[in-house]
Each structure stands twice: as C-alpha cells, then as structure tokens.
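Written out below as structure tokens is the structure these notes cover.
Labels below follow one simple rule: chain letters A, B, ... track the order of the sequence lines, proteins then strands, and each chain is numbered from 1.
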Number of protein chains: 2
Amino acid sequence: MPLSKPMQDALELPICPIEPAAHIIGQKWTLQIVYFLLNSSSMRFCELQDRLGGVNPSTLSSRLKMLEEEGIVRREQISAIPPHVEYSLTAMGRDLEGVIREVTRWSNAWLCGSTK
Amino acid sequence: MPLSKPMQDALELPICPIEPAAHIIGQKWTLQIVYFLLNSSSMRFCELQDRLGGVNPSTLSSRLKMLEEEGIVRREQISAIPPHVEYSLTAMGRDLEGVIREVTRWSNAWLCGSTK
DNA sequence: ACATAGTACTACGTTTAGTATAGCATGGAT
DNA sequence: ATCCATGCTATACTAAACGTAGTACTATGT
C-alpha cells in the first residue's frame with residue numbers, strides 16, 4: 001500500500017529516513033573508500049589515492065576529513081620512521097559492511113553481470 | 001622501500017567491484033528516489049519533487065533519465081485524463097531493496113539513533 | 001474567449017563539488 | 001646540500017547541482 005498522507009503533509013512530509021545517510025554515501029568516492037578500508041584494516045593516503053584510481057588529492061583529503069568528522073573514519077599519525085598517517089574505520093564505519101555487501105551483490109548481479 | 005612501482009601496476013590494481021554501482025548510487029538523490037519508489041509502486045514527477053524536499057527539477061529530470069537508461073526506473077506515459085507520467089522501479093531497481101534496507105538500518109543505528 | 005489551475009518538464013544564470021596539475025612541508029638517506 | 005617519499009594544500013578549470021522562471025499541454029471555470 002502506497003503510503004498516503006492525509007492533510008498534514010505540508011508540515012511534516014514523512015521524512016526520508018535515509019536522508020542523512022544518503023548525504024554521506026551519496027558523495028563521490030565515499031563507498032569506494034569504505035570498501036577498501038573494510039578490506040585492509042588501515043591504509044595510507046597515497047595508497048587510497050592509488051586504489052581509487054585517479055581521485056584528486058584535494059577531493060580525497062576533504063572526503064576523509066568529512067568521514068572523520070562523521071565518525072566513520074579514524075585518522076592516526078604514526079610517529080614511526082618514516083612518520084606517516086593511517087586511515088581506518090571506526091565501529092560506525094565497520095558497520096557499513098552490510099551496505100557494502102548489498103551493493104556488491106547488486107553490482108555483481110546487474111552491472112558486472114557477465115560473470116555471474 | 002614502500003611499494004615501488006614497476007611497470008605493470010596499471011595491469012594488476014585490484015579493480016574495485018563496487019565502482020559501477022558507486023557511480024550510480026554516489027549521485028545526489030538516487031538513494032532517496034529509490035527509497036520512495038520502493039514504498040509506493042509508482043510516483044509522479046511532482047510527487048517525487050515534493051517528497052524529496054526541494055530538489056531542483058532539472059536535477060530530478062536528469063537523474064530520472066539516467067536511472068531509466070541504467071534500467072533501474074521505468075517511465076510510463078499514462079494517457080488518461082489528465083494525462084501524466086508515472087515512474088516505477090524495474091526488477092533491477094526493486095533489487096536495490098537490500099541496499100536500502102542496510103542503509104536504513106545503519107542510518108537508524110548511528111545517525112537518527114535517538115528516535116526508534 | 002479568456003483566465004486559472006495542474007502536470008511535467010526545460011531554460012537561464014549562479015553556486016558548489018570535483019578535477020588536473022603543480023607545489024609545499026617534513027623527515028630521512030646519500 | 002640535494003634527493004626522494006609521504007601527505008597533503010594551492011590554483012585554476014569543468015561539471016554537477018541549485019533557485020527561479022517559464023513553456024506546453026489539457027481541463028475547467030466565468
């Protein structure tokens with residue numbers, strides 16, 4: 001049954017419950033970044049840059065900053081020699097595994113479908 | 001030495017299997033459009049516009065066109081009176097339900113967590 | 001006949017997001 | 001001192017999304 005909304009729709013159009021998530025996921029590179037971090041526990045900036053195949057470093061930088069602010073990615077300065085930075089997923093980020101799994105399934109079924 | 005790049009790295013960078021899906025999903029409004037169409041079997045242009053809360057009609061138009069080309073959305077001209085257009089999901093689009101379900105779960109767990 | 005309203009858009013000009021390319025800062029190694 | 005690697009930032013450009021307005025069609029009211 002399609003959700004029919006009576007009279008109060010102007011005031012409170014049924015809020016789309018995925019809107020805040022869509023705001024994060026619906027940005028370029030977010031899903032791919034999470035995908036790679038899920039598979040490798042931690043990665044460096046340049047490593048991500050290589051894997052993502054041609055993302056521009058400004059975009060990657062701001063995307064990682066946003067994901068850190070949202071609590072999805074953790075940034076750690078490693079003071080070893082040579083010092084560097086490692087990015088990994090928080091619990092919140094790791095919990096996106098279900099989303100990634102479903103996206104992968106759908107992608108394999110309908111987009112990369114030739115090898116099903 | 002960190003990963004030195006011989007000559008064949010272009011050949012064997014593990015391709016990200018969600019890239020084609022991310023290209024579709026990682027565009028503004030796509031997830032919300034699919035969410036609403038999953039819940040209502042078919043919707044009109046203006047109805048989507050209202051529910052999405054302030055999407056610009058050019059963007060909605062091009063997004064629907066893209067989704068139709070990808071095989072996710074079906075567009076039907078209804079020749080009743082008054083004539084209008086109805087948008088609905090194809091089988092490919094309906095199969096995104098698992099993705100939407102996981103996104104909803106994650107969103108409720110971490111973003112809208114206070115309520116529900 | 002003419003204006004008004006609903007539906008589904010398109011057109012125009014502006015802002016924001018993302019891009020290509022280059023360069024900077026730090027810390028070894030040579 | 002010079003070179004390289006890492007992790008970015010800076011600059012200038014293009015593409016995506018935006019707000020607002022308007023068009024084309026049909027129907028309905030005056």
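- For S62(B), no side-chain nitrogen or oxygen approaches OP1 or OP2 of dA16(D) to under 4.0 Å.
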Please list each protein N or O that sits under 3.5 Å from an N or O in nucleotides 18-24 of chain D, with the distance.
| unit_1 | atom_1 | unit_2 | atom_2 | d |
| --- | --- | --- | --- | --- |
| dC18(D) | OP1 | W29(B) | NE1 | 3.2 |
| dC18(D) | OP2 | W29(B) | NE1 | 3.1 |
| dC18(D) | OP2 | T59(B) | OG1 | 3.1 |
| dC18(D) | N1 | N56(B) | ND2 | 3.4 |
| dG19(D) | OP2 | G54(B) | O | 3.3 |
| dG19(D) | N7 | N56(B) | ND2 | 2.7 |
| dG19(D) | O6 | N56(B) | ND2 | 3.4 |

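- Within the 4.5 Å cutoff, the side chain of L48(B) has heavy atoms near those of the L64(B) side chain.
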N/O donor-acceptor pairs under 3.5 Å from side chains in residues 22-36 of chain A, not counting sequence neighbours:
| unit_1 | atom_1 | unit_2 | atom_2 | d |
| --- | --- | --- | --- | --- |
| T30(A) | OG1 | I24(A) | O | 3.2 |
| T30(A) | OG1 | Q27(A) | O | 3.4 |

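- Computed from coordinates, the I78(B) CD1 to dA27(D) P distance equals 16 Å when rounded to whole Å.
- We find that NE2 of H23(B) is positioned 12 Å from P of dG18(C), with the value rounded to whole Å.
- Whole-Å rounding puts the Q77(B) CD to dT26(D) C1' distance at 13 Å.
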For residues 75-96 of chain A, run the donor-acceptor check on the side chains, cut-off 3.5 Å, and write out each pair with its distance to 0.1 Å, sequence neighbours left out.
| unit_1 | atom_1 | unit_2 | atom_2 | d |
| --- | --- | --- | --- | --- |
| R75(A) | NE | Y87(A) | OH | 3.4 |
| H84(A) | ND1 | P82(A) | O | 3.1 |
| H84(A) | NE2 | E86(A) | OE2 | 3.2 |
| E86(A) | OE1 | S42(A) | OG | 2.9 |
| T90(A) | OG1 | G71(A) | O | 2.5 |
| T90(A) | OG1 | I72(A) | O | 3.2 |
| T90(A) | OG1 | M92(A) | N | 3.3 |
| T90(A) | OG1 | G93(A) | N | 3.2 |
| D95(A) | OD2 | R105(B) | NH1 | 3.3 |
| D95(A) | OD2 | W110(B) | NE1 | 2.7 |

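- The CG atom of L38(B) sits 10.0 Å away from the CZ atom of R101(B) when rounded to the nearest 0.5 Å.
- The CZ-C1' distance, from R44(B) to dT26(D), rounds to 13 Å in whole Å.
- In this structure, CE of M43(A) is placed 15 Å from C1' of dG7(D), rounded to the nearest angstrom.
- A donor-acceptor contact shorter than 3.5 Å is absent between the side chain of S107(B) and the backbone of I18(A).
- Listed nucleotides: dG7(D), dG27(C), dA17(D). Nearest to the side chain of R63(B): dA17(D).
- Sequence neighbours left out, not one pair with a member in residues 54-72 of chain A passes salt bridge (Lys or Arg N to Asp or Glu O under 4.0 Å).
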Practice item. Show your reasoning for whether side chain to side chain contact (heavy atoms under 4.5 Å, CB included) applies to E97(B) and E102(A). Key: CA-CA 9 Å; E97(B) 196 199 338; E102(A) 285 298 316; over 6 Å; no
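- Between Q49(A) atom CD and dA5(D) atom P there is a gap of 14 Å when expressed in whole angstrom units.
- Under a 3.5 Å cut-off, the side chain of S61(A) and the backbone N or O of P57(A) do not form any donor-acceptor pair.
- As a whole-Å value, the separation of E76(A) CD from dC8(D) P is 13 Å.
- Take S58(A) and apply the side-chain hydrogen bond (donor to acceptor under 3.5 Å, both in side chains) test, not counting sequence neighbours, and it matches N56(A).
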Is there any protein nitrogen or oxygen under 3.5 Å from a nitrogen or oxygen in nucleotides 28-30 of chain D, and what are the pairs?
none

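- Rounded to whole Å, atom C1' of dC8(D) lies 13 Å from atom CG of L48(A).
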